[in-house]
Amino acid sequence: RVKAVDMINEGKRRSERLIKDAKDKSDHIMKDAEKVYKDAKDKVTDSVKTGKESFDHKRDQIKDDIKAGVDAYKESKHSGE
């Protein structure tokens, strides 16, 4: 009877260790997944920001070029009168 109780207690201890190890591993995996998600989100955010800045710069360049063209046209029209 004592041996059976010892075996049951040893089984309980092993089960508790296995459960604790599994929980620790799952917590570690979740933390890693959260880090990967955050890193990916940050990279996408940076890429979008860089793309927007580039687009805004090109847009401003085009606006300036159009304005310069219109101004040059007006100037040539006035000097031709």
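The line from CD1 of I62 to NE2 of H57 is 10.5 Å long, rounded to the nearest 0.5 Å. Interatomic distance, T50 OG1 to E53 CD, rounded to the nearest 0.5 Å: 5.5 Å. Of the inter-residue distances, the one linking D56 atom CG with K63 atom NZ reads 9.5 Å to the nearest 0.5 angstrom. For the atom pair CZ (R59) and NZ (K52), the distance works out to 6.5 Å, reported to the nearest 0.5 Å. The line from CZ of R17 to CZ of R14 is 7.0 Å long, rounded to the nearest 0.5 Å.
Salt-bridge check for K23 with D27: passed, with a basic side-chain N closer than 4.0 Å to an acidic carboxylate O. The existence of a salt bridge linking R13 and E16 is excluded, since no basic side-chain nitrogen approaches an acidic carboxylate oxygen closer than 4.0 Å. A salt bridge links K67 with D71: at least one charged nitrogen is closer than 4.0 Å to a carboxylate oxygen.
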Task: Candidate pair K20 and D24, rule salt bridge (Lys or Arg N to Asp or Glu O under 4.0 Å), full reasoning - done: CA-CA 6 Å; K20 183 185 179 310; D24 291 345; 2.8 Å; yes
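Side-chain atoms of S15 come within 3.5 Å of backbone N or O of G11 as a donor-acceptor pair.
A donor-acceptor contact closer than 3.5 angstrom links the side chains of H28 and D32.
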